[in-house]
Amino acid sequence: MKRFIQLSCITAVLAVSAVAIAQTGGYTGPSAAPAAAAPAAAAKAAPGGYSGPSSVPLMSAKDLLANGKDDQQVRLKGKLLSHKGDEEYEFADASGKITVEIDDKLFPAGVKVDHTTEVELVGEFDKEMIGESKLDVDQLKVAGK
C-alpha cells in the first residue's frame, strides 16, 4: 500500500510538470549556446500592458549600430535568429544583425517565438566604444498581435 501511494504521488508530480512545460512560451528557435548554457523554461510574462502606438522611433539594425547613441530608446522590427546563451539573442532585420538582451519574462506567455516569428522590440541601446554594442530589450511584442 505504501508503494502504491508513493507511485501515485510521483505520477501526479510528473503530470503537473508536463502540463506546466506545455503551457510556457518563449524562444524555441535555434541556439548557438551549448545545451548546458540554455536557460530554463521561460517564465510567464505579466498579462496586459500598453499595446497602442509608440513615439519611440522605429530604426533598422544597421542604422542603430552606425548612428545610435548610448541609452537611446529605439524600436526594432525583425526576427530573433538564434539564442546565443543566457539572455543574448541574435536579432536581424532586412538591413543587418545586432545582439539583443532579452529577459525570459518578456516573452509572451503561451506564445512560441522562433527564428521565423516576426517580433517588435523596444529597448535601450547600449553603445560600446570597445566591444559589441547591444540593445537591452524592455518590451517584446509578436508583430501583428
Side-chain angles (χ1 to χ4, degrees), residues 6-145:
Q6 288 175 337
L7 185 59
S8 296
C9 289
I10 291 171
T11 303
V13 168
L14 290 175
V16 169
S17 298
V19 169
I21 290 170
Q23 291 180 346
T24 60
Y27 183 76
T28 60
S31 177
K44 289 189 177 188
Y50 181 74
S51 62
S54 174
S55 63
V56 177
L58 182 63
M59 295 184 76
S60 68
K62 181 179 179 181
D63 189 37
L64 178 59
L65 288 170
N67 304 313
K69 295 177 179 34
D70 193 37
D71 297 332
Q72 176 182 357
Q73 288 289 314
V74 298
R75 223 170 12 116
L76 298 175
K77 199 173 208 179
K79 298 177 180 175
L80 298 173
L81 296 184
S82 68
H83 181 227
K84 296 173 83 172
D86 294 324
E87 294 181 342
E88 291 190 353
Y89 297 83
E90 184 175 55
F91 172 88
D93 60 16
S95 72
K97 299 176 185 177
I98 185 173
T99 297
V100 296
E101 290 184 18
I102 307 172
D103 191 296
D104 289 342
K105 68 182 178 190
L106 295 178
F107 285 94
V111 177
K112 299 291 184 185
V113 177
D114 64 18
H115 61 286
T116 64
T117 308
E118 188 171 29
V119 295
E120 185 175 299
L121 308 177
V122 177
E124 186 175 289
F125 185 53
D126 185 16
K127 186 170 184 101
E128 298 293 336
M129 295 304 223
I130 299 173
E132 184 179 24
S133 295
K134 302 174 186 171
L135 180 68
D136 186 12
V137 177
D138 298 321
Q139 181 183 34
L140 180 149
K141 184 167 69 170
V142 174
K145 290 198 177 197

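Atom CG of Asp71 sits about 12.5 Å away from atom NZ of Lys69, to the nearest 0.5 Å. In this structure, CD1 on Ile98 lies 9.5 Å from OG on Ser60, to the nearest 0.5 angstrom. The line from NZ of Lys97 to CD of Glu90 is 4.5 Å long, rounded to the nearest 0.5 Å. Between atom CG of residue Asp93 and atom NZ of residue Lys79 there is a gap of 11.0 Å, rounded to the nearest 0.5 Å.
Asp104 contributes no side-chain N or O that, together with a main-chain N or O of Phe107, makes up a donor-acceptor pair within less than 3.5 Å. In this structure, the side chain of Asp136 does not engage the main chain of Glu124 through any donor-acceptor pair within 3.5 Å. A donor-acceptor contact shorter than 3.5 Å links the side chain of Asp103 to the backbone of Lys105.
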### Message
One pair to check against side chain to side chain contact (heavy atoms under 4.5 Å, CB included): Glu88 and Ile102. What are the steps and the verdict?
### Response
CA-CA 6 Å; Glu88 291 190 353; Ile102 307 172; over 6 Å; no
### Query
Step by step, would you call Glu101 with Val137 a side chain to side chain contact (heavy atoms under 4.5 Å, CB included)?
CA-CA 6 Å; Glu101 290 184 18; Val137 177; over 6 Å; no
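In this structure the side chain of Phe91 never reaches within 4.5 angstrom of the side chain of Thr99, judged on heavy atoms. Residues Leu135 and Asp126 have side chains not in contact (no heavy-atom distance under 4.5 Å, counting atoms from C-beta outward). The shortest distance between side-chain heavy atoms of Lys141 and Leu121 does not fall below 4.5 Å. The closest side-chain heavy-atom distance from Tyr89 to Val119 is not below 4.5 Å. Considering only heavy atoms from C-beta on, Val111 stays 4.5 Å or farther from Thr117 through its side chain. Counting only heavy atoms from C-beta outward, the side chains of Leu76 and Leu64 approach each other to under 4.5 Å. Side-chain atoms of Leu58 and Lys77, non-hydrogen and from C-beta on, do get closer than 4.5 Å to each other. Within the 4.5 Å cutoff, the side chain of Ser95 has no heavy atoms near those of the Asp63 side chain.
Salt-bridge formation is detected for the pair Arg75/Glu120: a Lys NZ or Arg NE/NH1/NH2 atom is positioned less than 4.0 Å from an Asp or Glu carboxylate oxygen. At a threshold of 4.0 Å, the pair Glu132-Lys127 does not count as salt-bridged, since none of the basic side-chain nitrogens sits closer than that to a carboxylate oxygen. Glu128 and Lys134 are not joined by a salt bridge, as no carboxylate oxygen comes within less than 4.0 angstrom of a charged side-chain nitrogen.
Between Val74 and Met59, the shortest heavy-atom distance links the atoms CG1-SD, 3.4 Å.
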